[in-house]
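Below: the structure, in structure tokens.
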Amino acid sequence: MQEYTLKPNTKKSYNLKIDYAKELNEEQYNVVRNGNGPCLVLAGAGSGKTRTLVYRVAWLLEHGIRPENILLVTFTNKAAKEMLERVKTLLKEDINGLWGGTYHHIGNRMLRKHADALGMSSNFAILDQGDSEELVASAIAEIPYSRDKKLFPKSRTVRSILSFSANSRRPISEIVPKFWYKYEPYIMHLEYAQEAYEQKKKMSNALDYDDLLTRWLDLLHKRPSIKEHYANQFRYILVDEYQDTNTIQASIMNELASTHKNILVVGDDSQSIYSFRAANVQNILEFPERFSGAKTYKLETNYRSTPDILKLANMSIRNNISGFEKTLKNIRESSDTKPALVPVPDNITQAHFIVQRIQELHDEDKSLSDIAVLFRASHQTLELEVELTKRNIPYIKRGGLRYFEQAHIKDLLAFLKVVINPLDEISWRRVVKLYEGVGDKSATSIWQTIRDAKGDFATTLAEPEKIKGLSTKSRVGIKKLHGILTSIANLLEDTTKERHVSELAKAFEIILSNGYRAMVKEKFDDPDDRLDDLDQLGVFALNYESIEQFLSDVALSEGFQGETKKQISSGEDDDFLVLSTIHQAKGLEWPVVFIIGLVEGQFPNARALKSIEDVEEERRLFYVAVTRAKDELYLTHPLTSFFGSQMGHSFSGPSRFITELPTHAYERWQINRHEFNAEDIIDLEDL
């Protein structure tokens, strides 16, 4: 018998469907064809990182890598689906078997398959946010230590604390003093709740979202054979938005890449802005140290913004000490429109300027949806929301409720409403239920008494013992309410035709200083932010000569059509302005962007000024905001602000993110209003 030996084919010949060199720029092409081994891809804003990942996956498949040997990890299922669809479109064939999805999606898949290795049943339930909070509430109820239930955090906040602890791999005793200092006296209670919560999940055969990560990492650590199986299977690992990974996510990827070490991570340390979610910027900064011999590529060609916007962004982020050096390079031609720095006298003028400029842009055939107003904190949009409503400009607010929809704002306004209109049943019910001992039944009794007295609250509330069904505790609260409302009524009774603006602010201060400020601290888990909102509302009230007009404008804002995205965008032709927190805006872009409230202590936030790391994250936040703009960028800075409960007026220093820029980075705009005297015109050179 004659033997014949088959020799391995040492020459590989690929009939590629895609002309990669033609489809990609040089930076992207370099990553796609040379992405073997550990690779860090620093992808600047608008540089085509998604395109690079898509073509890298296609390149691997066209070069003989089987789909099941590729793992693509993203932060949203939508992103994973879009990438995989684009790969299928490029190759014009199915790519079944490729592992793609979020960390939680992939973790769930592995845990279902190997649950028994952790002593779990594969049919475990996954708790959604509501279910998780309910189980936490049950754990809180079992805490054996005494506590002030008014001051103890609500179940939602406890759930947030437990989640941050899990994702950061840091104990409660370490994170509470830094991030939830208000609850430092309850660390022992929170630790007990954490242990009880874990036991309840175990007894219920249930995992929450955080467990999908922590248990996944446990699986890889405790079962070496399982880790080896997947580390061998995934010959190539690609990770999107690596700057947003937390400690657990980075550790999982390290384990899975331990065999082949073909891990390509894409991210931008200059856009790491989610430390409050336990994201750890050190993951991307230390990647070259974690993987010996790692190659670093830079995607610096920006396809989004004008050269002048890019220059401003580059100049700003260079002030950060930590981070990789990179410079966004423009592909677009220069335009005549430089970024505009617009100092304004106050927040009211800021709102007038923005709305007028939006109307001008709209008249120039810009759609409202082409424009975004970005802000650091929700209270910065108060004056703007009112002005937009007055001028019937539809808008949507992302990253929080509209200003006047918030519970603490509605509470404060209810006090005023019952003084102006003593027959306002809804406001009466809201106000009286703020006081201890007053529930639905007691509120009904109080309202009926006031109604029968034709709104004479001065008499009826003066003697709460005569109101049926009130407990001793609730009578004390109603007596306090009587004092507040009487003080406001006395304040206003001498102003029949004309009222001084200070009186409305005084009314707010009466409410706040006579119990409501303390209520906010007890009622809400974020009292500092809410008190900032209330102080800002008091400032805004100074612009009104009558409470009636103020409440009318508020009512218009509350009743404005299109309160939610669902309502306002029901049809394809809907056109609305976007108001968004900068955190919510990441990953998005608009032709025109306004960044408002660039005041030191507001942006950067005052609480961030305690550490260099926090200030640098705030600067990265500013960088993200700037790089959302494609064509036009406006930076507004109110020159005066009001601080604290006394509504004091003071000069507002511009944000350091403005003062550290060279003056040639922007064009100075001077605001001139016809009703101003000559000396009132803002001289931008005085900044």
Is the NZ or CZ atom of R109 both under 6.0 Å from the centre of the six-membered ring of W99 and within 45° of that ring's axis? yes
Does one side chain, of N330 or N302, offer a donor that lies under 3.5 Å from an acceptor on the other? no
Checking S132 against Y209: is there a side-chain donor and acceptor pair closer than 3.5 Å? no
Spatial distance of atom CD (E191) from atom OG (S165) [nearest 0.5 Å]: 9.0 Å
Please work out whether the ring planes of W216 and Y103 are parallel, tilted or perpendicular, with thresholds of 30° and 60°. tilted
Main chain of S160, side chain of S163: is a donor-acceptor contact present, judged purely on distance under 3.5 Å? no
Flag the pair E133 and R156 as a salt bridge only when some basic side-chain nitrogen lies within less than 4.0 angstrom of an acidic carboxylate oxygen. yes
Can you see whether E241 engages Q243 through a side-chain donor-acceptor pair at a distance of less than 3.5 angstrom? yes
For the CD atom of Q249 and the CG atom of N280, what is their distance to the nearest 0.5 Å? 10.5 Å
In the structure I gave you, are the side-chain heavy atoms of N69 and Q233 within less than 4.5 Å of one another anywhere? yes
Report yes or no: do S251 and N254 form a side-chain donor-acceptor pair below 3.5 Å? no
Determine yes or no for a side-chain-to-main-chain donor-acceptor pair under 3.5 angstrom, with S316 supplying the side chain and A313 the backbone. no
Below 4.5 Å, heavy atoms only, C-beta onward: do M83 and L72 meet side chain to side chain? yes
Closer than 3.5 angstrom, by distance alone: can the side chain of D94 be matched with the main-chain N or O of N96 as a donor-acceptor pair? no
Quick check, are the ring centers of Y230 and H114 under 6.0 angstrom apart? yes
Could you give the distance from CG (L60) to CD1 (I70), rounded to the nearest 0.5 Å? 5.0 Å
Flag side-chain contact, heavy atom, 4.5 Å: T102 against V73: no
Quick one about K200 and S138 (side-chain donor to acceptor, distance below 3.5 Å, no hydrogens or angles considered), yes or no? yes
Looking at residues at least two apart in the chain, or sitting in another chain, which of them share a side chain to side chain donor-acceptor pair (under 3.5 Å) with N30? N34
Taking the side chain as every heavy atom from C-beta outward, state whether L53 and T50 have any atom pair closer than 4.5 Å. no
Check the pair L374 / V593 against side-chain contact (heavy atoms from CB on, under 4.5 Å), numbers first and verdict last. CA-CA 7 Å; L374 306 184; V593 169; 3.8 Å; yes
Do E589 and R628 meet the salt-bridge criterion of a basic N to acidic O distance under 4.0 Å? no
Counting N and O atoms only, with roles assigned by atom type, does the side chain of R398 sit under 3.5 Å from a partner on the main chain of T581, one being a donor and the other an acceptor? no
Can you confirm whether E93 is buried at CD, in the sense that more than 12 heavy atoms of other residues, nucleotides or ligands lie under 6.0 Å from that atom? yes
Go through it in stages, so that I can follow the logic: the residues are K201 and D131, the test is salt bridge (Lys or Arg N to Asp or Glu O under 4.0 Å), and I'd like the CA-CA distance, side-chain angles, deciding distance and then a yes or no. CA-CA 11 Å; K201 285 187 294 181; D131 294 335; over 6 Å; no
Using the side-chain hydrogen bond (donor to acceptor under 3.5 Å, both in side chains) rule, take S272 and D269 through it: C-alpha gap first, then chi angles, then the decisive distance, then the call. CA-CA 5 Å; S272 179; D269 56 295; over 6 Å; no
Any luck finding a side-chain donor-acceptor pair between N167 and N246 under 3.5 Å? yes
Indicate yes or no for a side-chain donor-acceptor contact from S305 to the backbone of L310 under 3.5 Å, with no hydrogens or angles considered. no
With no hydrogens and no angle check, just 3.5 Å: does a side-chain donor-acceptor pair link N283 and T245? yes
Using only heavy-atom distances, determine whether the side chains of T327 and N314 contain a donor-acceptor pair under 3.5 Å. no
Less than 4.0 Å between a side-chain N and a carboxylate O, is that true for E616 and R619? no
Around E286, counting heavy atoms of other residues, nucleotides and ligands shown, do more than 12 lie under 6.0 Å from its CD? yes
Within the 3.5 Å criterion, strictly below it, is a donor on Y303 or N25 matched to an acceptor on the partner's side chain? yes
Do L256 and L71 make a side-chain contact, defined as non-hydrogen atoms from C-beta onward lying under 4.5 Å apart? yes
Would you call D211-K202 a salt bridge at under 4.0 Å N-O? no
Give a yes or no on whether the ring-centroid distance for Y20 and Y29 is below 6.0 angstrom. no
In plain terms, say whether K326 and D268 are close enough for a salt bridge, that is, a side-chain N and a carboxylate O under 4.0 Å apart. yes
Quick check against the 3.5 Å criterion: does H260 have a side-chain atom that pairs as donor or acceptor with the backbone of N232? yes
Going from CD1 on I65 to CZ on R235, what distance comes out if it is rounded to the nearest 0.5 angstrom? 3.5 Å
Do NZ/NE/NH1/NH2 and the carboxylate oxygens of R318 and E325 come within less than 4.0 Å? no
Close side-chain approach of K295 and L40, heavy atoms under 4.5 Å: no
Report the C-alpha distance between L24 and T52 in whole Å, list the side-chain angles of each, state the deciding distance to 0.1 Å, and finish with yes or no for side-chain contact (heavy atoms from CB on, under 4.5 Å). CA-CA 8 Å; L24 303 168; T52 304; 5.5 Å; no
Assess whether a salt bridge exists between D631 and R332, defined as any Lys/Arg side-chain N lying under 4.0 Å from an Asp/Glu carboxylate O. yes
Whether the N123 and S121 side chains hold a donor-acceptor pair (N or O, under 3.5 Å, no angle test) is what I'd like checked. yes
Would you say that F622 contacts F657 through its side chain, given a criterion of any heavy-atom pair below 4.5 Å between the two side chains? yes
How would you list, by chain and number, every residue that makes a side chain to side chain contact (heavy atoms under 4.5 Å, CB included) with E23, sequence neighbours excluded? I18, R51, Y55
Test applied, salt bridge (Lys or Arg N to Asp or Glu O under 4.0 Å); reference residue, E27; option that passes from K49, K329, K298, R33: K329
Basic-acidic side-chain contact under 4.0 Å: E405, K397: no
Cation over ring face, R112 and F124, 6.0 Å, 45°: yes
Do the numbers put R277 on top of the ring of Y274, so that NZ or CZ is under 6.0 Å from the six-membered ring centre and no more than 45° off the axis? yes
When you look at T74 and D240, which way does the side-chain hydrogen bond (donor to acceptor under 3.5 Å, both in side chains) test go after all the steps? CA-CA 5 Å; T74 64; D240 191 19; over 6 Å; no
Assign the ring pair F164 / F179 to parallel, tilted or perpendicular, where the plane angle (0 to 90°) is split at 30° and 60°. tilted
Within a reach of under 6.0 Å around CG of L588, are more than 12 heavy atoms found that belong to other residues, nucleotides or ligands? yes
Does some side-chain heavy atom of Q282 sit less than 4.5 Å from a side-chain heavy atom of F287? no
Does a salt bridge link D218 with R223, judged by any charged N lying under 4.0 Å from a carboxylate O? no
Under 3.5 Å, side chain of Q28 to main-chain N/O of S47, donor-acceptor pair present? yes
